[in-house]
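Since we're looking at a predicted model, the values are computed, not measured. Below, chains carry the letters A, B, ... as their sequence lines are ordered, and counting in each starts from 1.
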There are 2 protein chains.
Amino acid sequence: MSGKNITAKQPAGKSSPFLSELTLDCVILGFHEDQLKVLLLRWRGTQEWSLPGGPIRKEESVDQAACRILKERTGLKDIFLQQFQLFGDVERYNRNEIKEKLKHLVEPEKWFERAVSVGYYALVDYPKVAPTPDAFTEECQWWGIDEIPSLLFDHNHLIKIALESLRIQLSWQPIGYKLLPEQFTLPELQRLYETILGRTLDPRNFQRKMLGLGILYRLETRRKGGAHKAPYLYRFNKQHYKAMLTKGSLFFS
Amino acid sequence: MSGKNITAKQPAGKSSPFLSELTLDCVILGFHEDQLKVLLLRWRGTQEWSLPGGPIRKEESVDQAACRILKERTGLKDIFLQQFQLFGDVERYNRNEIKEKLKHLVEPEKWFERAVSVGYYALVDYPKVAPTPDAFTEECQWWGIDEIPSLLFDHNHLIKIALESLRIQLSWQPIGYKLLPEQFTLPELQRLYETILGRTLDPRNFQRKMLGLGILYRLETRRKGGAHKAPYLYRFNKQHYKAMLTKGSLFFS
DNA sequence: GCAAAAGTGTTCGTGCTACACCCATGG
DNA sequence: CCATGGGTGTAGCACGAACACTTTTGC
């Protein structure tokens with residue numbers, strides 16, 4: 001999280017175990033009740049929310065830092081995590097405003113110096129997440145993508161860019177592995193695509209296309225217990241899925 | 001350039017005008033004699049080459065730093081510049097090797113601490129470039145993309161990733177504006193695409209496709225002086241080109 | 001039996017691919 | 001006049017888009 005690099009009570013002069021100029025922010029996306037959700041944190045003693053994130057340790061890689069933060073906030077590891085942009089403006093947000101809102105949490109002279117932040121997004125299986133706040137926050141909660149309040153720092157902007165990157169990725173790579181449970185139905189996958197793309201898709205065309213990619217197994221079993229016709233369950237073919245990730249399927253002309 | 005953030009003779013303890021943990025590297029691409037070229041620098045007193053780059057000033061944005069470096073090395077401004085990745089590994093390259101190779105240029109205790117680097121690529125009009133070395137280097141020169149020697153730092157890897165990003169960009173956005181002169185012929189544009197994609201394209205299909213995008217004007221004049229049939233000159237329609245850049249033209253299904 | 005969701009095939013049009021010949025120019 | 005590169009049209013095919021009815025299930 002932008003600025004969280006210096007811990008609240010760190011003695012001046014002692015060298016920090018963290019990089020001081022670069023922080024990391026995570027847009028953690030889940031899918032629930034036909035809606036994309038983002039994991040947000042509420043800062044102690046405030047009604048202010050922000051993305052999970054934080055500083056990077058000097059002895060860990062940036063990717064490792066992203067994994068660590070994801071693990072701390074959700075309990076999950078081994079998840080699809082994608083770096084999408086470095087946010088390097090000098091004035092990414094109004095620092096005085098942040099200083100005012102969070103002054104009870106951090107020593108003002110240490111905080112809120114310029115920090116560049118790298119954005120990652122993660123796609124996770126919603127019910128597997130155990131949302132966990134960090135040292136600066138007292139609540140960690142899912143928010144529907146269309147109900148996000150005004151966030152601290154430049155985090156509304158960051159989410160917007162993350163979603164654009166996700167849509168681009170969707171346009172030439174498969175998505176869904178790790179975002180859906182291991183077994184899922186085609187209508188569920190379709191609703192995921194519809195949610196990310198923001199428009200409806202034709203179920204016949206969607207099925208033909210998806211099955212044609214050769215990255216799905218149809219299982220013997222169907223999902224019982226719904227109030228309607230029992231849909232088939234599917235599972236990703238991990239090998240083919242990964243191959244498709246690296247090679248993509250859209251090319252010039 | 002990774003590590004160049006601390007100037008050679010900077011007195012210890014004096015605060016630097018640069019960010020110390022984040023540097024920037026530029027893959028500057030030109031197109032000449034049907035070949036993609038990269039601008040490289042040779043370090044003083046060595047036969048070692050690297051990409052242009054350097055530290056980021058505390059009061060400039062990362063994008064501005066990229067523009068500044070591009071300007072310093074080429075004389076050009078207002079150029080297509082694209083951030084493509086942050087390289088954040090702890091050991092991006094063998095630091096001892098670099099220390100040995102460049103020890104005569106920088107104080108070893110200051111140098112070669114961990115630095116994260118953000119990569120940009122730029123597409124420039126080859127003949128407009130005036131290659132200019134920086135303080136650490138004595139030569140600045142174009143290299144054919146297939147003739148690049150083993151470079152300092154992790155710069156061979158950086159170039160590889162830059163080219164992959166460029167190919168992806170090419171697959172859903174137009175390219176060529178700022179990489180070609182203002183007026184150009186369709187065969188020139190085609191050779192550019194072929195070079196980036198690494199395969200040949202059919203001229204009839206290429207023309208139909210390009211003209212169909214509506215981003216080209218055909219001019220009245222033809223290019224005279226070639227040894228053969230005079231080709232038509234074209235020019236990009238800047239408005240349509242930019243619209244195409246933002247909206248792209250490949251989508252899901 | 002009825003409401004709600006799942007499953008399935010065909011037609012049409014667009015756009016990509018493949019392919020070959022004539023034209024203009026300079027040497 | 002010849003070698004070289006530029007310019008152009010067509011036919012086949014594959015893929016995406018549009019579209020409606022039947023089946024299953026729980027209530």
Just the rounded figure in Å: distance from [atom2] of [N] to [atom1] of [X].
{"X": "B/Met210", "N": "C/dG15", "atom1": "CE", "atom2": "C1'", "answer": "15 Å"}
{"X": "A/Leu189", "N": "C/dA6", "atom1": "CG", "atom2": "C1'", "answer": "15 Å"}
{"X": "B/Leu211", "N": "D/dG9", "atom1": "CG", "atom2": "C1'", "answer": "14 Å"}
{"X": "A/Gln207", "N": "C/dA5", "atom1": "CD", "atom2": "C1'", "answer": "12 Å"}
{"X": "A/Leu201", "N": "D/dC15", "atom1": "CG", "atom2": "P", "answer": "19 Å"}
{"X": "B/Leu233", "N": "D/dG6", "atom1": "CG", "atom2": "P", "answer": "12 Å"}
{"X": "A/Arg199", "N": "D/dA17", "atom1": "CZ", "atom2": "C1'", "answer": "11 Å"}
{"X": "B/Phe184", "N": "D/dG6", "atom1": "CZ", "atom2": "P", "answer": "15 Å"}

With a 4.0 Å cutoff (strictly under), does any side-chain N or O of A/Lys209 reach OP1 or OP2 of D/dG16? yes

Treating B/Gln64 as the side-chain partner and B/Ser61 as the backbone partner, does any N or O pair qualify as donor plus acceptor under 3.5 Å?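 Between the backbone of B/Ser61 and the side chain of B/Gln64 there is a qualifying donor-acceptor contact (under 3.5 Å).
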
Take a 6.0 Å sphere around CG of B/Asp34 and say whether it holds more than 12 heavy atoms from other residues, nucleotides or ligands.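 Yes, enclosed.
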
Sugar-phosphate atoms are those with a prime plus P, OP1 and OP2; base atoms are the rest. Using that split, label each nucleotide of nucleotides 19-27 of chain D B, S or - for protein heavy atoms under 4.0 Å, 5' to 3'. BB--BBBS-

For A/Trp142 and A/Pro131, which heavy atoms make the closest approach, and how far apart are they? NE1-CG, 4.1 Å

Applying a 4.0 Å non-hydrogen cut-off, can you work out what B/Arg218 is touching in the nucleic acid: base, sugar-phosphate, or nothing? sugar-phosphate

State whether A/Tyr234 and A/Arg218 meet the cation-pi test: NZ (Lys) or CZ (Arg) under 6.0 Å from the six-membered ring centroid, and within 45° of the perpendicular axis.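 That pair does not qualify as a cation-pi contact.
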
Against the six-membered ring of A/Tyr217, is A/Arg235 placed for a cation-pi contact (under 6.0 Å from the centre, within 45° of the normal)?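 Not satisfied by the 6.0 Å and 45° rule.
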
Would you call A/Glu138 and A/Arg42 a salt bridge, using N to O less than 4.0 angstrom?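 Answer for the salt bridge query: yes.
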
